[in-house]
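As the structure is a computational prediction, the values presented were derived from the model and not from experiment.
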Amino acid sequence: MRSVVMFLMTAIVAQQPSVGVRVLDAEGAAAPAAAIEVRWRAFPELPGLVGRSLGGDGVATLAATADERGRASIVVPVHGPFEITARAPGSRSVPKFPVLAGDFVDLTLRPAFVVAGTLRDAAGEPIAGAALTAVPNPTSWARMAAYRLPEARGDTVTAADGTFALEWHEGYLQAPVYEPFVSLQLRDGRLLHQENELLRPTKRCQQLELKAGAVAVEQGRILQANGTPAVGAEIFDRQRPWLSTSTDADGAFVFPILASRATVLWVRLDGHVLTPIACGGKGAPANPYPLTLARAPAAMLMLVDHAGAALAGAEVLWVIHDPIGDLRLGEPRIELSARTDERGQVAVPPIAPRLAVQCFARRAGLWHWVGDSAAENVATWRQATMPPTRRITGRVRASDGVPLPAVRVVLRGTAMQWPLEWVTFTDRRGEFVFASAPPGAVTLDAEGSAHGFANATFSATAERCDLAFAAGESVTVILRDSDGQPVAGGWVSLIASSNGQPQLPGFGGASAAVCALTGPDGVAQFRGLPDLHWQVVGNFLRDGSVHSGGGQVGSGQEITLVARRSRA
């Protein structure tokens, strides 16, 4: 009987999705007892960076330990994509991304890279006991959303002499994705110098000289619609989510900003997002204060099922969308969460006129898109029907019919007023899955690194959506160092330009971007490309320095890049 029970338990475990990991040391031998960390977006069924307010910045983590053979089998709760890293005392691996359920990955430990330097005040004196945190740069939010990358994290505290050290990963230029830019910032409101030092495994990052001190401040007064001070209103910056302040008894506040950088501060009163404030940089209002919070339309939404029955106690996530700022900066959207009452009702948050609100609701562990509206229309919301679970699966194939793994697939719902992108990756069989797709017709775009692009639109009833890369145009990039020797494992990107301005990775219009690593001969060949004019960038790391080169090429052409030392 016991053997039968064990057999059944083994069969159940075997059916659960898992990721296999093998950790090796620098000599290629098994690394027993290595610590393995798996990280991913906690709610992959949500689009973009939506879900950051639901705990842990929306990032989930699993930990495991390699056995005596350096191996581990890690049961995972979702399809992915995952970022997996291995660590041992004084060493760590390059993060592996994207990893999907069912994958097997090899991780090689190498001596840990340590970011180090000194933090000083404006007078040049060292600052002791200052908490520094590694956070994404403003341009990185769009990169993370485009790949479903979890935020890189790291914290350290300066010593008595102002020095600091932080163990950092060496993943920069090691994967065919646009890695987020990360820099160190102070958590206590003092700002670093304007030229943020990006954390890279270079000699420069082993001897950083960081200067603290608020470059400028934004100070003003917030009033309620009736003219009384808005006491306790929260003022925050989405680009620095760890930093916020509140208005005093007179409605006044002081907030540190960079004078040369346009900043959008946000005012939240009584848990509701009400309005943005443009300040700093060019184009900001000269003196918008005192700022009076306008009366926003108020509405109650009733959430019902398909039979029209009210859904009591349902989780609801409101996502505030800024049609101007979100498109320009790619910042994570502002979120509010609530539950419906016993009648299935929930208050629609009041928002400023230029903003929009999107609603998601949770059922059976999955978040579903319910609807959206501009600020002037939220008062018309009365009832919304919880959509049925819509699961979309598919396969991506190369032009010769071979299934392609690790292809990024982006889904857009045509029924939405405001742009949202669901992102996933294909597994080793070329299969992908969206566990909670929005209702209506959907457009799917696939970006397959050196294999190029594919896209198609599918009907509202489609459940299986297959994509195939066309033969298309090709571009060949040859990357060489300053001595003319081919560079293996170099990072090459093609960026289609619109009006001469490079675009961040994504799709749409005349903009596109794709990246890949060069082979042993220093060649990266891109296929299946649209007929566009491309900006080409090639980079590699050597002797603690970044070597870079660039140029321009048309589809169907070849280009040789000579990468020279660009940073110490």
Side-chain angles (χ1 to χ4, degrees), residues 24 81-85 93-100 103-108 110 113 143 146-149 152 169-181 198 200-202 396 398 402 404-408 425-426 428 430 446-453 469 474-496 502 504-505 512-529 534-551 553 557-567:
L24 306 174
F82 305 101
E83 178 191 78
I84 302 184
T85 310
S93 72
V94 169
K96 188 76 171 181
F97 180 92
V99 178
L100 280 296
D103 283 353
F104 181 88
V105 296
D106 276 328
L107 301 174
T108 301
R110 59 181 67 182
F113 180 81
R143 294 169 181 251
Y147 288 94
R148 299 294 292 171
L149 279 162
H169 68 79
E170 296 190 58
Y172 180 67
L173 303 183
Q174 301 297 308
V177 296
Y178 285 81
E179 184 177 5
F181 294 141
L198 306 181
R200 298 167 170 170
T202 61
V396 180
V402 176
L404 293 174
V407 171
R408 178 168 63 108
F425 288 78
T426 59
R428 63 189 186 281
E447 178 260 299
S449 187
H451 294 279
F453 300 89
F469 287 99
S474 65
V475 167
T476 300
V477 181
I478 304 170
L479 184 62
R480 298 186 182 277
D481 61 19
S482 56
D483 295 325
Q485 298 302 309
V487 177
W491 190 87
V492 177
S493 66
L494 300 184
I495 306 170
L504 285 172
V514 62
C515 48
L517 301 178
T518 58
D521 55 357
V523 174
Q525 187 171 40
F526 298 84
R527 298 179 295 275
L529 300 179
W534 303 89
Q535 295 182 357
V536 190
V537 179
N539 298 281
F540 67 92
L541 288 165
R542 181 178 292 175
D543 300 327
S545 298
V546 178
H547 296 248
S548 301
V553 68
Q557 298 178 354
E558 177 181 297
I559 185 173
T560 298
L561 300 181
V562 177
R564 305 182 187 279
R565 179 179 172 183
S566 59
R567 291 178 65 91

**Report entry** Contacts of Val537 that satisfy side-chain contact (heavy atoms from CB on, under 4.5 Å) - sequence neighbours left out
**Finding:** Ser493, Asn539
Requested in this report: Please name all residues satisfying side-chain hydrogen bond (donor to acceptor under 3.5 Å, both in side chains) with Asp103, sequence neighbours left out, ordered by chain then number.
Outcome: none
Query raised in the report: For the residue pair Phe453 and Ala513, what are the closest heavy atoms and their distance?
Result: CZ-O, 3.7 Å
Requested in this report: Look only at the side chain of Arg408 and the backbone of Ala146, and say whether a donor-acceptor pair between them is shorter than 3.5 Å.
Outcome: yes
Requested in this report: Can you measure from CD (Glu83) to NZ (Lys96) and round to the nearest 0.5 angstrom?
Outcome: 12.0 Å
Report task. Take Val477 and Val553 through the test side chain to side chain contact (heavy atoms under 4.5 Å, CB included) and record every step on the way to the result. Result -> CA-CA 9 Å; Val477 181; Val553 68; 5.8 Å; no
Report task. Test side chain to side chain contact (heavy atoms under 4.5 Å, CB included) on Arg110 and Val94 and set out the steps. Result -> CA-CA 8 Å; Arg110 59 181 67 182; Val94 169; 3.9 Å; yes
Query raised in the report: Just wondering, do Phe181 and Arg143 contact through their side chains at under 4.5 Å, heavy atoms?
Result: yes
Query raised in the report: Is a side-chain donor or acceptor of Trp491 paired with a backbone partner of Gln174 at a separation under 3.5 angstrom?
Result: no
Under 3.5 Å, sequence neighbours excluded: what are the donor-acceptor pairs made by side chains of residues 519-527?
{"unit_1": "Asp521", "atom_1": "OD1", "unit_2": "Val523", "atom_2": "N", "d": "3.2"}
{"unit_1": "Gln525", "atom_1": "NE2", "unit_2": "Thr476", "atom_2": "OG1", "d": "3.4"}
{"unit_1": "Arg527", "atom_1": "NH2", "unit_2": "His451", "atom_2": "ND1", "d": "3.4"}

Report summary line: Value for OG1 (Thr202) from CZ (Phe113), rounded to nearest 0.5 Å, stands at 5.5 Å
**Report entry** Contact check, side chains of Tyr147 and Glu447, non-hydrogen atoms, under 4.5 Å
**Finding:** yes
Query raised in the report: If you measure from CG on Asp543 to CZ on Arg565, what distance do you get to the nearest 0.5 Å?
Result: 8.5 Å
Query raised in the report: Who are the ring pair (Phe, Tyr, Trp, His ring centres under 6.0 Å) partners of Tyr172, not counting sequence neighbours?
Result: none
Query raised in the report: How many angstroms lie between CG in Leu561 and CG in Leu479, if you round to the nearest 0.5 Å?
Result: 6.0 Å
Report summary line: Residues Gly538 and Ala563: closest non-hydrogen pair is O-CB, 4.3 Å
Query raised in the report: Quick one: ring pair (Phe, Tyr, Trp, His ring centres under 6.0 Å) partners of Phe425, sequence neighbours excluded?
Result: Phe97
Query raised in the report: For the residue pair Tyr178 and Val514, what are the closest heavy atoms and their distance?
Result: OH-O, 3.7 Å
Report task. Measure from the side-chain N and O atoms of Ser482 to the backbone N and O of Arg564, and report whether any donor-acceptor pair falls under 3.5 Å. Result -> no
**Report entry** Thr426 to Pro405 - nearest heavy-atom pair and separation
**Finding:** OG1-C, 3.2 Å
Query - Pairwise side-chain contact, Thr85 with Ser93, heavy-atom cut-off 4.5 Å (strictly under) - result: yes
Query - Spacing of Ser474 atom OG and Gln557 atom CD [to the nearest 0.5 Å] - result: 10.0 Å
Query raised in the report: Who are the side-chain contact (heavy atoms from CB on, under 4.5 Å) partners of Ala152, not counting sequence neighbours?
Result: Trp168, Val182
**Report entry** Student check: side-chain heavy atoms of His169 and Glu179 closer than 4.5 Å
**Finding:** yes
**Report entry** Those residues that, when tested against Asp481, pass salt bridge (charged side-chain N to carboxylate O under 4.0 Å, His left out) (two or more places apart)
**Finding:** Arg542
Query raised in the report: Who are the side-chain contact (heavy atoms from CB on, under 4.5 Å) partners of Pro176, not counting sequence neighbours?
Result: Ser449, Leu517
Query raised in the report: CZ of Phe540 to OG1 of Thr518: how many Å apart, nearest 0.5 Å?
Result: 9.5 Å
